Amino acid sequence: MLDLKFIRNNLETVAAMLTARSNSLDLSEFKTLDSQRLELLGQVETLKNQRNTSSDTIARMKKAKEDAGAEITAMRDVSRQIKELDAQVSEVEKQLYEIVYLIPNLPHNSVPQGSTEEDNSFVREWGVKPELPFTPAPHWDIGEKLKILDFERGAKITGSRFTLYRDLGAKLERALINFMLDQHTEKHDYTEVLPPFIVNQTSMTGTGQLPKFADDLFKLEGLDYYLIPTAEVPVTNIFQNEILENSELPSYFVAYTPCFRKEAGSHGRDTRGLIRQHQFNKVELVKFSDPENSYDELEKLLANAESILQALNLHYRVVNLCCGDLGFSASKTYDIEVWLPGQGVYREISSCSNFEDFQARRANIRYRPKTGGKTRFVHTLNGSGLAVGRTLVAILENYQQEDGSVIIPEVLRPYLKGKEKITKQ
RNA sequence: GGAGAGAUGGCCGAGAGGUCGAAGGCGGUAGACUCGAAAUCUAUUGUGGGCUUUGCGCUCACCCGGGGUUCGAAUCCCCGUCUCUCCGCCA
């Protein structure tokens, strides 16, 4: 969330940002509630001061064996007023925060204007679009023919958008997870963590999934628990309500987790194949940085994610998301889009964002600056490094052969007992 | 799932209705001593909000979280969460 004081003093800026993000939230209510709150706080604090002073007096009088009856009677009324005002304050605050929690983050000034995908700006591409000497098949055909992906049985076991991986399909997925974790821990200095896959409401609110995006989450019945939609949630919340020492920054974490998403509102989209599943695997990179270096850290994080695609020799491009395409909590986001010849499109395979202090303020993650002085909020960043299911899709489609077999990328072979090719059984 | 114990500042640990934001110790910081270091001594050392003549000057809140009792709660009562011990169950 944004700083209350900032919103108060920059109401027009915030309103303009909402428009740029096509968000129709009305800020007039904020203005009213915010000034009400300050007014009430002033009143109640004056009374509390009175009570504190009087308490001392009463204590002194009692000690001196004097009669404090009159003082006590007078305070009875003051206490009653305090109670009433406190109740009003918390009611006003509740309403105020309901609004503030729905205000998205401010985009960084390097974020392009615009409202749709079309307005995202091209950053760079790596490799060349491969030309296959035959008509490439989509991964669902390849996977089914090789009997490594079983969509029908996945649907039977659970429902649509669930898939059963078999044999080398399962092994390839596992190899990718291990490969990615090894790369990031050994070459890029990330600390591996294996977090809970279920989190509470506080954590979900900390990273910004709640309260606004409750419809996208799987909630456990009768409990305050949710299945994580990304490792960003448990990993960013590692330091929830903590004050970090300067020496702990920057700090890098990498986590493999499954991700669970309802995909509400995407009926009919990407219904075939592995692209849009209710459950998928992801290796996630999460960073905590001081504000001065967070944009450098974002570039490095992006490069770390890209390095996986480079090692797998998969052609991709990087785009800088425009205002309208930016996620709720992000200040700036780069998407990495991998080329999928079977479908003839670039598909998002990683999303790398700087959230600045938006999540840190919600989750209350601070640090002590090197220069001393007051604690400040850290900047949080994260990015997929990479979405594992989509990486498997990219491998199947880019490494497919005319006979229906699939070559295994060299860097993965050590994870698959040296196997070089997936062929029909 | 059943029974019991506990949760206090960066850490350990006092505290049991009134000058307690909280003794004491450790740690941290600054200074003294020293050629320098250690030891010793001295001082200082939480977080957030509001006001502000911007002087951390005044003030409010915070002793797991939420309610309650009271003129007054770290201290008493209720609910919840978490941790530990024992029993049961279990990968």
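Quantities reported herein were computed from a predicted structural model and do not represent experimental measurements. First the proteins, then the strands, lettered A, B, ... as listed; each starts at 1.
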- Task: Please tell me which of A:N52 and A:S79 maps to the more 5' nucleotide of RNA chain B, matching each residue to the nucleotide holding its nearest heavy atom.
- Result: A:N52
- Once you apply the 3.5 Å cut-off to both distances, tell me the Watson-Crick or G-U wobble partner of B:C90, or none. none
- Task: Select base, sugar-phosphate, or nothing to describe what A:S54 touches, counting heavy atoms under 4.0 Å on all strands.
- Result: nothing
- Item | Residue mapping more 5' on RNA chain B - nearest nucleotide basis, A:E71 or A:Y225 | A:E71
- Please list, in 5' to 3' order, the outermost nucleotides of RNA chain B lying under 4.0 Å from any heavy atom of chain A. B:G18 to B:G72
- Task: Between B:C56 and B:G48, how far apart are the C1' atoms? Round to whole Å, please.
- Result: 14 Å
- From A:N109 atom CG to A:K332 atom NZ, the distance as rounded to the nearest 0.5 Å: 8.5 Å
- Message: My understanding is that a pair needs two contacts under 3.5 Å, Watson-Crick or G-U wobble. By that rule, which nucleotide pairs with B:C56?
- Response: none
- Specify whether A:H188 and A:H184 have parallel, tilted or perpendicular ring planes, treating 30° as the upper limit for parallel and 60° as the lower limit for perpendicular. tilted
- Query: With a non-hydrogen cut-off below 4.0 angstrom, is A:R368 in contact with a base, only sugar-phosphate, or nothing?
  - Reply: sugar-phosphate
- Query: Does B:U85 pair with anything, Watson-Crick or G-U wobble, both distances under 3.5 Å, and if so, with which nucleotide?
  - Reply: B:A3
- Message: For A:K62 and A:E71: C-alpha separation, side-chain torsions, deciding distance, then whether salt bridge (Lys or Arg N to Asp or Glu O under 4.0 Å) applies.
- Response: CA-CA 11 Å; A:K62 291 223 166 185; A:E71 195 77 21; over 6 Å; no
- Hey, does A:K62 reach any base, or is it just sugar-phosphate, or nothing, if we go heavy atoms under 4.0 Å? base
- Task: Write down the partner of B:U40 under the Watson-Crick or G-U wobble criteria, each distance required to be under 3.5 Å.
- Result: B:A32
- Item | P spacing across the pair B:C79 / B:A22, given as an integer number of angstrom | 32 Å
- Query: Using the ring of each side chain (for Trp, its six-membered ring), is A:F151 parallel, tilted or perpendicular to A:H139, with breaks at 30° and 60°?
  - Reply: perpendicular
- pair_partner(B:U47), Watson-Crick or wobble, both distances < 3.5 Å, evaluates to B:A61
- Query: So how far is it from A:I422 CD1 to A:D167 CG, rounded to the nearest 0.5 Å?
  - Reply: 8.5 Å
- Nucleotide opposite B:G72 in a Watson-Crick or G-U pair, distances under 3.5 Å: none
- Message: With a 3.5 Å limit on both atom pairs, tell me what B:A14 is paired to, counting Watson-Crick and G-U wobble, or say none.
- Response: none
- Message: Pairing check on B:C20: which nucleotide meets the Watson-Crick or G-U wobble criteria with it, both distances under 3.5 Å?
- Response: none
- Query: Relative to the ring of A:F253, is the ring of A:F288 parallel (under 30°), tilted (30 to 60°) or perpendicular (over 60°)?
  - Reply: perpendicular
- Going through the distances and angles, do A:Y256 and A:E192 end up as a side chain to side chain donor-acceptor pair (under 3.5 Å)? CA-CA 8 Å; A:Y256 151 71; A:E192 182 172 344; over 6 Å; no
- Message: Under 4.0 Å, counting only non-hydrogen atoms across every strand here, what does A:R60 touch: a base, just sugar-phosphate, or nothing?
- Response: base
